[in-house]
Amino acid sequence: MGLQINTLSAMQDYLKQQIEAALRKLAPDLDVPEITIEKPRSPEHGDAATNVALTLAKVLRDNPRSIAQKIADHIDVTSGYIHGVEVAGPGFINFRFSDSWLYDQLSEAYQSGRNFGRGSTLQDKKIQVEFVSANPTGPLTVGHGRNAVLGDTIARVLEWAGGDVQREYYFNNAGRQMRILAESVRARYLQAIGLDAEFPEGGYEGVYITEIAQKVLQENGDELTGEEHLAIFRKAAEEGIFDDIKQTLARMNITMDSFFNENTLYEDGSIDKVIGLLRDKGLVYEKDGATWFKTTEFGKDKDTVLIKSSGEPTYRLPDIAYHINKLDRDFDLAIDVFGADHIATYPDVISAVEACGFDSDKIDVIVYQFVTIVKDGKPFKMSTRKANFVTLDELMDEVGADVTRFFFLMRAPGTHLEFDINEAKQAGEKNPVFYLQYAHARIQSIMRKVRQSYDFSKKSPDFRQLSHESEITLIKRILEFPDIITFTARQREPHKLINFLNELATAFHKFYHDCRILGEDEKLAHARTELLTVTAIVLANGLGILGISAPEKM
RNA sequence: GACCCUAUAGUUCAACCGGAUAGAACAAUAGCCUCCUAAGCUUUAGAUCCAGGUUCGAGUCCUGGUGGGGUCACCA
């Protein structure tokens, strides 16, 4: 046998080698193309399939089925890994894995225990995921939820693939919005002590502003009537709101490793440095009292302002400096998670980073489409300033953290997500997340019963006992898990993991329906019990990556 | 108006690099608890926006329409 084939992807490589060897014998002069192995949609078509014969029909001037048959005849089926090779349809070659190979793999998975699925493709890679990054002007809304949950889940899956991941929250506590926020708090404070204060134009109207003002009043008394005390209100607002944000995140199972204040970039001179670097490259010029960045050099139809005529930089300048800062911190990969509203601006940042002599390939951007809130059958426009929004906390009060996370993750980031508040509220027991959790709880329940009737502690299971169709299907699903992790980590699309877990849960529920443990003879009961041990581990690990609990009971 | 994203079952979404009979869930339909949790299993019905093109083969790629979302400020 020689080489060890201990994962599905290793199996695919093995099949590729076999096919290549066959092709070299059949057509020595042929320039062998990239061979793709895929899992057929229908189980009738085996466990793995290739379309090489179809792609080679033209070059070899032969019909695909005939080519496929010739290749199939040259495949070595004596190795013990493969059980059968067939030609089917227009010229596909289908492979079936041998049962003995499946048992061996299941046995390995069983021995890996809770670490089953952990990979090493990102071993020794320093990765940063920046997400949420909402300025402290108000509570996190449902809109921020998708960002937060996506970022955290991507971080988790990268960790499972072996990466050393840092979660960072970038914020700005110095801009115009923060000033308006402070003025809003001050106005509420003055109103609270009976003064006739004018509320700032475009101010923040949420009740949380009044609460912060009350707190300032309690802690500092009613002496802060002068304009010079604005900084106190600003600080109180920032701290109060940040505490709130952190609590909301914690409730969603999210913990940041670091918070990065935009202001740092001004203090350490990074901003000036960036301007200098871009100026040296001739990419910056002055016009109408403002400083412009020649984005037209990078295919944009307009140039972009970096510093306004007022002397204030636009947000793009610190964004550039921030990304350079990340690369300076030696991350092998810096991932940004942000909404579709940034889609037009990040190319400027990338261009600038590149122009300053940094490797922008290390920056990867995940753009997710916006969440449309639907309430009472109508789209719901949100605005933080008008306090017209649904907070994440309110949502979690209604449906819980697990459902909230699941809801944001079940769709591909690139698709528009419709979030029907009424539906999410009443989803309750019909929610798809329970389907996965129930599978886990059901297994744990069986385990409690099994422990009362059997004692397996002295022997290791003999998986060859498993031959029922439902058992084989479940084993095959389980073995896909490590590759799903790798794939999800590479694509950064957590919904792929959800789709997999759904299939796994379906395979388990089917098994539950068809096969029993209690009352079966000891060898079979043992094998089935440990099959479920592995199933439960995959479910718990998968749910863990999604940041969702795997309950013992439901 | 220009640019970006998007269009799949009644509804919300899948479909790995262009592959075989387009999958789920909810809603609808007909069944299954003397049996380890019926939050489950099984049954029936139902879809690729329109018009061209490339290909042995298109939901997937190209062109042109149409509908939905977003971005185009010395606002963040």
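Each chain gets a letter, A, B and so on, in the order the sequences are listed, and its residues count up from 1.
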Test: A:Arg279 and A:Glu286 ion pair at under 4.0 Å: yes
Nucleotide-level pairing of RNA chain B, given in dot-bracket where Watson-Crick and G-U pairs need both distances under 3.5 Å and | marks other strands: (((((((..((((.....[...)))).(.(((.......))).)....(((((..]....))))))))))))....
Check: A:Asp13 and A:Lys16 side chains under 4.5 Å, non-hydrogen atoms: yes
Protein proximity profile, nucleotides 29-36 of chain B - base contact B, sugar-phosphate-only contact S, no contact -, cut-off 4.0 Å on heavy atoms: ------SB
Rounded distance (Å) that lies between atom P of B:U55 and atom CG of A:Asn51: 18 Å
For atom OH of A:Tyr435 and atom P of B:A24, their distance in whole Å: 11 Å
Length of the CG-P vector between A:Asp402 and B:A39, whole Å: 18 Å
Residues A:Glu312 and A:Arg176 bridged, charged N to O under 4.0 Å: no
Taking every non-hydrogen atom, the tightest pair across A:Met178 and A:Asn172: CG-O, 3.8 Å
Short side-chain N/O contact from A:Lys58 to OP1 or OP2 of B:C56, under 4.0 Å: yes
Side-chain heavy-atom pair A:Ser445, A:Arg448 within 4.5 angstrom cut-off: yes
Between CG on residue A:Asp402 and CD on residue A:Gln437, distance to nearest 0.5 Å: 4.5 Å
Nucleotide B:U12, atom C1' - distance to CZ of A:Phe407 in whole Å: 8 Å
Heavy-atom side-chain proximity of A:Phe260 to A:Tyr322 below 4.5 angstrom: yes
A:Phe406 CZ - B:U12 C1' separation (whole Å): 13 Å
Minimum-distance nucleotide (side-chain atoms of A:Ala412 versus B:C5, B:A20, B:A14): B:A14
Pairwise 5' ranking along RNA chain B for A:Arg490 and A:Thr55, keeping only the more 5' one: A:Arg490
Pair A:Arg492 + A:Asp364: basic N to acidic O under 4.0 Å: yes
Rounded distance in Å - CD (A:Glu469) to C1' (B:C41): 15 Å
Annotated protein contacts, base or backbone, on nucleotides 71-76 of chain B with a non-hydrogen cut-off under 4.0 Å, one of B, S, - each: SSSBSB
Sugar-phosphate, base or nothing in reach of A:Asn94, heavy atoms under 4.0 Å: base
Closest to side chain of A:Phe92, choosing from B:A15, B:U37, B:A20: B:A20
Within-4.5 Å side-chain heavy-atom neighbours: A:Tyr368 and A:Arg411: no
5' precedence on RNA chain B between A:His509 and A:Arg448 (nearest-nucleotide basis): A:Arg448
Touch class at under 4.0 angstrom, heavy-atom based, for A:Gly414 against every strand present: sugar-phosphate
Euclidean distance, atom NE2 of residue A:His45 to atom P of B:A15 [Å, nearest integer]: 21 Å
The single option from A:Arg516, A:Lys510, A:Arg477, A:Arg528 passing salt bridge (Lys or Arg N to Asp or Glu O under 4.0 Å) against A:Glu471: A:Arg528
A:Asp348 CG to B:C4 C1', straight-line distance once rounded to whole Å: 14 Å
Residue pair A:Phe95 / A:Ile75, side-chain heavy-atom distance below 4.5 Å: yes
Syn or anti for B:C33 (syn when the glycosidic angle lies within 90° of 0): syn
Electrostatic pair A:Lys39-A:Asp47, nearest N-O below 4.0 angstrom: no
A:Arg41 side chain, from C-beta outward: closest of B:C41, B:C17, B:A15: B:A15
